[in-house]
Amino acid sequence: MQCPETVIYIPNFITSDEERQILAAVASAPKPKWTQLLNRRLINYGGVPHKNGMIAEQLPKWLQTYIDKINNLGILEDKKANHVLVNEYQPGQGIMPHTDGPLFHPVISTISCGSHTVLHLQKTSATVEDVQMCEILVEPRSLLLIKDDAYHNYLHSIEECSQDIIGEHVANLSLCENNHELGTVLTRSCRISLTIRHVPKTSKMQIKLGF
Ligand SMILES: O=C(O)CCC(=O)C(=O)O
Ligand SMILES: [Fe+2]
């Protein structure tokens, strides 16, 4: 299957220095900031998205460079990124097939640090006999954009494995920083991703006083 046109892969979106700075900033986040899930851990910056509106929180200064970089791409049009999800995956960890749903403006931008991974995309309407799937090799320092049709009509996921075999489903090999032949085995290390999005519905904290 060809990947939908609304999946855009940009290698080397950040420099190795910027990657090191991100990894250092995330490594120094206080432990209570992390939410531990079964197969990854995460930090919400900017607030916790919620159907009743996200209570907006100040984004840390070190993230601003990357938020500006995304805003300057113009992909969010008149909107500004106001939320960053940090995900950490150890080798063997991943994320189940899902869509990011209605809480976000339908443009996902993800910067990867530390390790490659392989993202799978699969049409939501696919039947069991006809699973249409494509894979994107997501390299460290790259930016992956998933928007519009790909946002609404495709599930994305990362398999829980510690090695990836570059096969014919990988749709972006010609765009990658590194040349990989079919059959190459890539071993994962710890990957930190920054998913930068716009949450349309926000509210300021309201403190109700009891008098
Ligand atoms: O880590 C990634 O690249 C994907 C994360 C993701 O899909 C999510 O947090 O919704
Ligand atoms: Fe997602």
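Sequential numbering from 1 along the given sequence is applied to the chain's residues. Numbering of ligands and ligand atoms starts at 1, following listing order.
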* Is atom CG of Asn179 surrounded by more than 12 heavy atoms (other residues, nucleotides or ligands) closer than 6.0 Å? -> no

* Establish whether Val84 and Val48 are linked, either directly or via other cluster members, by ILVMFWY side-chain heavy-atom contacts under 4.5 Å. => no

* To do: Would you indicate whether the side-chain heavy atoms of Leu145 and Val7 approach each other to under 4.5 Å?
  => no

* Asked: Taking C-beta and beyond as the side chain, do Leu144 and Ile8 meet within less than 4.5 Å on heavy atoms?
  -> no

* Ignoring hydrogens, just give me the one of Glu88, Arg191, His98 whose non-hydrogen atom is nearest atom 8 (C) of ligand 1. => His98

Check the side chains of [Y] and [X] for a donor-acceptor pair under 3.5 angstrom, ignoring hydrogens and angles.
X: Ser112; Y: Arg191; answer: yes
X: His156; Y: Asp100; answer: yes
X: Thr195; Y: Thr110; answer: yes

* Compute the shortest N/O to N/O distance between Asn87 and ligand 1 and return yes if it is under 3.5 Å, no if not. => yes

With atoms numbered from 1 as shown, which atoms in ligand 1 lie under 4.0 angstrom from a non-hydrogen atom of [X]?
X: His156; result: 7 (O)
X: Thr110; result: 3 (O)
X: Leu85; result: 9 (O)
X: Asp100; result: 10 (O)

* Of all N, O or S atoms in Asp100, identify the one at the shortest distance from the Fe ion (ligand 2). => OD1

Side chain, backbone, both or neither: which part of [X] comes within less than 4.0 Å of ligand 1 when only heavy atoms are counted?
X: Leu42; answer: neither
X: Leu144; answer: neither
X: Ile95; answer: side chain

* In terms of residue, atom name and distance, what is the protein heavy atom nearest to atom 2 (C) of ligand 1? -> Tyr89 OH, 3.4 Å

* **Shortest non-hydrogen contact from Ser142 toward Phe13** => C-CB, 4.1 Å

* **Angle in degrees, rounded to 10°, that NE2 of His156 and NE2 of His98 form at the Fe ion (ligand 2)** => 90°

